[in-house]
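Report on the following structure.
As the structure is a computational prediction, the values presented were derived from the model and not from experiment.
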Amino acid sequence: MFGRLNKNAYSTIDLSARRSAQMGINMKVVYTCFCTDVIHEGHINIVTQARQYGKVVVGVLTDAAMIRFNRFPTLDFEGRMRLAEKMEGVDEVIIQEDMMYDKVIDSIRPDYVIHGDNWLEGSLRVIRDNVEKKLSQYGGKIIDVPYTYNEKVKRIDARLKERAAMPEYRRKRLRQLLDIRPIVKAIEVHSGLTGLIAEKTVVESNGELDQFDAMWISSLCDSTAKGKPDIELVDMTSRFRTIDDVMEVTTKPIIFDGDTGGLTEHFVYTVRTLERMGVSAVIIEDKTGLKKNSLFGTEVEQTQDSVEHFCEKIREGKKTQLTDDFMIIARIESLILERGMEDALARAKAYVEAGADGIMIHSRKKTPDEVLEFCDRFRRTDSDTPIVTVPSSYNCVTEEELAAHGANVVIYANQLTRSAFPAMQKTAEDILRYHRAQEVDERLLPIQDIITLIDEL
């Protein structure tokens with residue numbers, strides 16, 4: 001027998017009692033959760049094994065839960081529900097709204113939870129531990145099934161990843177995240193390898209899994225990786241190649257550091273190219289002339305663009321784009337150049353009216369006070385436009401604090417580059433000092449770990 005619950009019903013229905021009454025017998029309930037766009041033999045094996053223990057209930061993760069858990073879906077939620085409903089051997093399909101199983105277990109009190117044994121180790125272990133703790137409260141048990149991974153399943157997984165990386169799917173993901181996440185966390189990447197670190201790094205903290213939501217392709221870090229100064233010397237063709245390298249091995253949305261955007265006539269072509277590639281957003285700063293890094297502030301000569309000219313650049317960029325997915329975000333340098341809070345707020349208002357999809361407020365102060373003040377005051381008149389923050393100098397602030405003041409995106413703009421350089425320099429010095437590599441080996445990543453990080457086709 002088959003049934004389907006609406007999105008909020010599962011939390012109030014005792015499925016086990018209901019099904020027992022319908023069938024006149026006291027059958028056990030077996031629960032499993034799917035987070036997939038395609039049903040393959042691994043999922044079929046799970047259901048087949050589950051049938052041996054009782055009635056099979058399949059939970060389908062919501063879009064928000066899937067994104068929080070491991071990846072962006074390419075099939076919408078309703079489509080994923082239908083996939084589960086059509087599976088032979090499934091008695092009931094319900095909604096799982098969180099990657100942890102607490103609400104589902106409290107609601108349906110399954111006798112068994114069945115899952116592939118891949119959750120016995122790694123970051124998934126925290127989910128298994130959570131399930132085990134919940135089930136132990138009333139005598140429920142876990143069934144660990146050998147994880148199905150053969151050439152056929154491997155090809156399916158590879159195709160899913162390739163589809164998830166396609167521009168039409170990737171481009172819209174930043175907007176999706178802004179609707180789902182309390183604050184979107186992006187980290188800088190400047191190569192395929194750093195892209196994989198951003199894509200695959202997952203940590204367990206206080207019983208929850210956490211990861212980065214997006215990637216920031218920084219002009220500073222891209223230039224530094226190429227051994228060039230951060231003065232817009234690296235041309236856009238070279239920077240687009242960095243995007244290609246990152247996109248080839250990742251699926252998360254990309255925010256691109258567009259510096260000043262250059263001439264308006266050039267910026268419109270940059271917008272069209274980034275949009276076509278599948279980049280989610282470009283951030284441009286309201287400065288003109290030879291670009292200098294903002295953290296130098298007034299220590300070097302920097303000229304802020306006029307409001308009128310920068311608004312025209314935004315308008316022309318928005319006229320050029322072909323989809324509603326792509327975002328142009330205006331970066332305000334007023335606080336950096338000590339022009340004051342009123343100037344920053346006035347510019348923010350003008351840029352939003354010109355069509356900017358978001359505002360990035362920058363500061364080189366060691367405390368977040370002026371950034372938080374800007375957020376508070378901006379939110380009094382604009383509750384919708386996303387605010388982007390970059391806590392490089394004011395790194396004591398937490399994501400929760402930023403979100404509480406209305407920020408929507410936090411970018412860790414250069415930390416991977418800054419951590420890699422001293423590590424590599426120290427290794428080079430020690431090899432020269434000891435005339436061999438043994439002394440540095442204990443702090444190096446094993447070759448096997450690097451091979452595991454990089455997927456093979």
- Task: Evaluate the criterion salt bridge (Lys or Arg N to Asp or Glu O under 4.0 Å) for residue pair Lys287 and Asp259; output intermediate values, then yes/no.
- Result: CA-CA 9 Å; Lys287 290 193 299 192; Asp259 288 325; over 6 Å; no

- Task: Kindly determine whether Leu83 and Val60 satisfy side-chain contact (heavy atoms from CB on, under 4.5 Å), including the steps that lead there.
- Result: CA-CA 10 Å; Leu83 281 180; Val60 177; over 6 Å; no

- Item | Chi angles and distances behind the side-chain contact (heavy atoms from CB on, under 4.5 Å) call for Phe72, Leu177 | CA-CA 10 Å; Phe72 287 84; Leu177 284 165; 3.7 Å; yes

- Task: Take Lys134 and Val113, measure what side-chain contact (heavy atoms from CB on, under 4.5 Å) needs, and give me the verdict at the end.
- Result: CA-CA 11 Å; Lys134 293 294 294 185; Val113 171; over 6 Å; no

- Message: side chain to side chain donor-acceptor pair (under 3.5 Å) for Thr250 and Arg170? Distances and angles first, verdict last.
- Response: CA-CA 10 Å; Thr250 65; Arg170 192 198 290 252; 3.2 Å; yes

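Between the NZ atom of Lys133 and the CG atom of Asp102 there is a distance of 9.0 Å, given to the nearest 0.5 Å. Separation of atoms NE2 (His309) and OG1 (Thr288) is listed at 8.5 Å; rounding is to 0.5 Å. Atom OG in Ser392 sits 9.0 Å away from atom CD1 in Ile411 (nearest 0.5 Å). With values rounded to the nearest 0.5 angstrom, Lys228 atom NZ is found 12.0 Å from Ser219 atom OG. Remark: Asn408 CG to Ile359 CD1 distance equals 11.5 Å, nearest 0.5 Å. Between atom SG of residue Cys35 and atom CD1 of residue Ile67 there is a gap of 12.5 Å, rounded to the nearest 0.5 Å.
Side-chain N or O atoms of Asp91 include none that pairs as donor or acceptor with a backbone N or O of Val57 at under 3.5 Å. Without hydrogens or angle criteria, Arg331 side chain to Asp257 main chain gives no donor-acceptor distance under 3.5 Å. A donor-acceptor contact shorter than 3.5 Å links the side chain of Thr32 to the backbone of Ile114. A donor-acceptor contact shorter than 3.5 Å links the side chain of Ser393 to the backbone of Lys365. Checking side-chain atoms of Arg80 against main-chain N and O of Leu61 turns up a donor-acceptor pair under 3.5 Å. Although no hydrogens or angles enter the test, the distance criterion places no donor-acceptor pair under 3.5 Å between the side chain of Arg239 and the main chain of Phe256. Between the side chain of Glu333 and the backbone N or O of His362, no donor-acceptor pair lies under 3.5 Å. Remark: the backbone N or O of Ala65 is paired with a side-chain donor or acceptor of Thr62 at under 3.5 angstrom. Proximity of a side-chain donor or acceptor of Ser107 to a complementary backbone N or O of Lys103 within less than 3.5 Å is not detected. A distance-only check finds no donor-acceptor pair linking the side chain of Glu232 to the backbone of Asp230 [under 3.5 Å].
More than 12 heavy atoms of other residues, nucleotides or ligands shown are found within 6.0 angstrom of CD on Glu41. Other residues, nucleotides and ligands contribute over 12 non-hydrogen atoms within 6.0 Å of the CG atom of Leu263. Within 6.0 Å of atom CG in Asp324, 12 or fewer heavy atoms from other residues, nucleotides or ligands are found, so the atom counts as exposed in its surroundings.
Applying the ring-ring contact (aromatic ring centres under 6.0 Å, His included) rule to pairs touching residues 378-399 yields Phe374-Phe378, sequence neighbours excluded. For residues 332-356, the set of pairs meeting the ring-ring contact (aromatic ring centres under 6.0 Å, His included) definition, not counting sequence neighbours, comprises Phe310-Tyr351.
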Give every donor-acceptor pair under 3.5 Å between a side-chain atom in residues 382-389 and any protein atom, sequence neighbours left out.
from, atom 1, to, atom 2, distance (Å)
Asp382, OD1, Asp384, N, 3.0
Asp382, OD1, Thr385, N, 2.9
Asp382, OD1, Thr385, OG1, 3.2
Asp382, OD2, Thr385, OG1, 2.7
Thr389, OG1, Val409, O, 3.1

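For the side chain to side chain donor-acceptor pair (under 3.5 Å) test, residues two or more places apart in sequence or in another chain that qualify with Glu275 are Thr323. Considering only residues two or more places apart in sequence or on other chains, Glu312 meets the side chain to side chain donor-acceptor pair (under 3.5 Å) condition with Arg315. For Phe326, the ring pair (Phe, Tyr, Trp, His ring centres under 6.0 Å) test picks out no residue, with sequence neighbours left out.
Screening Ile332, Val390, Ile284 against Met360 for a side chain to side chain contact (heavy atoms under 4.5 Å, CB included) leaves a single residue, Val390. Checking each of Leu416, Ile254, Ile283, Asn414 against Trp216 for a side chain to side chain contact (heavy atoms under 4.5 Å, CB included) leaves exactly one that passes, namely Ile283.
Ring geometry for Tyr101 against Trp119 counts as tilted: the plane angle lies between 30° and 60°, on a 0 to 90° scale.
Looking at Ser218 and Glu188, their side chains never bring a donor and an acceptor atom within 3.5 Å of each other.
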